[in-house]
Amino acid sequence: MRYDLVIFDNDGVLVDSEPISNRLLAGYLTELGHPTSYEDSLRDYMGSAMHRVHDLVEERTGRRLPAEFDDVFHGRVFAAFERELEPVPGAMTVLEKLAADGVPYCVASSGSHERIRVGHRTTGLDRWFEDSRIFSSQDVGRGKPAPDLFLYAAERMGVAPARCVVIEDSRLGVQAAVAAGMDVLGFTAMTPADRLAGATQLFSDMGQLADLLV
């Protein structure tokens, strides 16, 4: 094993949530008078914390999103998760192997703790992630692309950043991992490879991951 800690992004890496959440985000923003396509949402917001949505909308339009935006959006997302969410194909196999081999791992997500837990519970991934393995942008002052979240996860797990590898599928996540001084494997199942520039290596099938870690 080349690394002492494997840090997983959550949305799009462990749970196949990006199509659901970006469809709903685009629809809600459009509903509020900020026309946004599904492709726009993927380009601008995939992998980011909610504060980025607020910041970009205000920067572009001069208008703030309503105070209840996050609560309404998350309510819609969680309801859709209960109906539609599945684990990313191959994710369970990778987690089983890491656990069996005693390899330390955790999740570090731009999503809230509630969002992470709802997704894991719905897909059955919760059995691999006790609280001590879950880190959210809520835990730090700045979300991705700042390195804070990954550095915080490494510190809490007791591993030097240079000994960590991050599994990411978003441009912002790759930037955050690079800024943290960590290797990053870019998952291209849903994200075009050119949007993950800077990744140490790219892969398109979660079944390939175990071999890339050794």
Side-chain angles (χ1 to χ4, degrees), residues 1-22 24 46-47 49-50 74-140 143-144 149-159 163-170 173 176-177 182-191 203-214:
M1 178 70 183
R2 285 189 289 160
Y3 303 101
D4 295 335
L5 178 64
V6 181
I7 304 177
F8 289 94
D9 175 46
N10 190 56
D11 295 292
V13 170
L14 294 175
V15 295
D16 195 17
S17 54
E18 293 292 9
I20 298 171
S21 58
N22 282 282
L24 293 172
M46 182 173 165
M50 288 303 294
H74 284 133
R76 295 180 183 185
V77 167
F78 296 163
F81 279 4
E82 297 286 351
R83 297 190 304 269
E84 306 173 40
L85 190 63
E86 299 287 343
V88 167
M92 287 192 177
T93 302
V94 170
L95 292 169
E96 285 174 350
K97 180 167 178 52
L98 293 177
D101 292 347
V103 176
Y105 64 89
C106 65
V107 61
S109 172
S110 293
S112 66
H113 278 282
E114 183 182 13
R115 177 182 172 124
I116 297 167
R117 285 172 171 79
V118 168
H120 286 187
R121 185 179 67 249
T122 302
T123 58
L125 290 175
D126 52 342
R127 62 177 166 151
W128 284 288
F129 288 98
E130 61 269 26
D131 288 351
S132 62
R133 294 182 190 267
I134 297 176
F135 305 100
S136 161
S137 61
Q138 289 180 311
D139 301 325
V140 295
K144 306 168 189 178
L149 176 57
F150 290 139
L151 292 173
Y152 177 74
E155 179 184 10
R156 291 291 301 273
M157 296 293 290
V159 177
R163 298 295 304 156
C164 299
V165 61
V166 175
I167 317 303
E168 262 290 353
D169 72 329
S170 75
M182 300 176 181
D183 281 0
V184 53
L185 301 180
F187 184 43
T188 62
M190 189 174 161
T191 308
F203 71 107
S204 60
D205 184 332
M206 195 56 67
Q208 301 171 292
L209 180 58
D211 291 337
L212 297 178
L213 296 174
V214 296

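From a predicted model like this one, the values you see are computed outputs, not experimental measurements. Positions are given from 1, in the same order as the sequence printed here.
Listed here is the closest heavy atom pair of G111 and S109: N-OG, 2.9 Å. Residues P87 and T123 come closest through the heavy atom pair N-CG2, 3.6 Å. Of all the heavy atoms in L85 and G119, the pair that sits closest is CD2-CA, 3.5 Å. For C106 against A153, the heavy-atom pair with the smallest separation is SG-CB, 4.2 Å. Pairing each heavy atom of C164 with each of V159, the nearest pair is SG-CG1, 3.7 Å. Across all their heavy atoms, T122 and V118 have their closest contact at OG1-O, 2.7 Å.
A donor-acceptor pair is defined here as one N or O able to donate and one able to accept, closer than 3.5 Å; no such pair exists between the side chain of E18 and the backbone of M46. The backbone N or O of R2 sits less than 3.5 Å from a side-chain atom of R163, completing a donor-acceptor pair. Panel note: side chain D205, backbone G207; a donor-acceptor pair is recorded below 3.5 Å.
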Practice item. Just do the side chain to side chain contact (heavy atoms under 4.5 Å, CB included) check on V88 and L14 with the steps written out, would you? Key: CA-CA 5 Å; V88 167; L14 294 175; 5.7 Å; no
Exercise for review: Take N10 and H120, measure what side chain to side chain contact (heavy atoms under 4.5 Å, CB included) needs, and give me the verdict at the end.
Suggested key: CA-CA 9 Å; N10 190 56; H120 286 187; 2.7 Å; yes
Exercise for review: Could you walk me through whether M206 and V13 pass the side chain to side chain contact (heavy atoms under 4.5 Å, CB included) test, one step at a time?
Suggested key: CA-CA 8 Å; M206 195 56 67; V13 170; 4.1 Å; yes
Review point. Between L98 and F8, does a side chain to side chain contact (heavy atoms under 4.5 Å, CB included) hold up when you go through it step by step?
Key: CA-CA 12 Å; L98 293 177; F8 289 94; 3.7 Å; yes
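Salt bridge R156/D139: absent, no basic N to carboxylate O contact under 4.0 Å. Salt bridge status for K144 with D9: present, with a side-chain N to carboxylate O gap under 4.0 Å. A salt bridge links E82 with R121: at least one charged nitrogen is closer than 4.0 Å to a carboxylate oxygen. The pair E114-R117 does not count as a salt bridge, with every side-chain nitrogen at least 4.0 angstrom from each carboxylate oxygen.
Looking at S136, S110, S21 one by one, the single match for side chain to side chain donor-acceptor pair (under 3.5 Å) with R115 turns out to be S21.
Y152 and F135 have perpendicular rings, their planes meeting at more than 60° on a 0 to 90° scale where under 30° would count as parallel. Using a 30° and 60° split on the angle between ring planes, F81 and F78 fall in the tilted class, from 30° to 60°.
To the nearest 0.5 Å, atoms CD1 (I20) and CZ (R76) are separated by 15.0 Å. Here the CD1 atom belonging to I167 is positioned 9.5 Å from the CG atom belonging to D183, to the nearest 0.5 angstrom. For the atom pair I7 CD1 and Y105 OH, the distance stands at 14.0 Å (nearest 0.5 Å). Between atom CD of residue E155 and atom CE of residue M157 there is a gap of 12.5 Å, rounded to the nearest 0.5 Å.
A donor and an acceptor atom, one from each side chain of D131 and H113, are nowhere located under 3.5 Å apart.
Side-chain contact check for V94 versus W128: every heavy-atom pair is 4.5 Å or farther apart. Taking 4.5 Å as the limit, some side-chain heavy atom of M190 sits within range of a side-chain heavy atom of P19.
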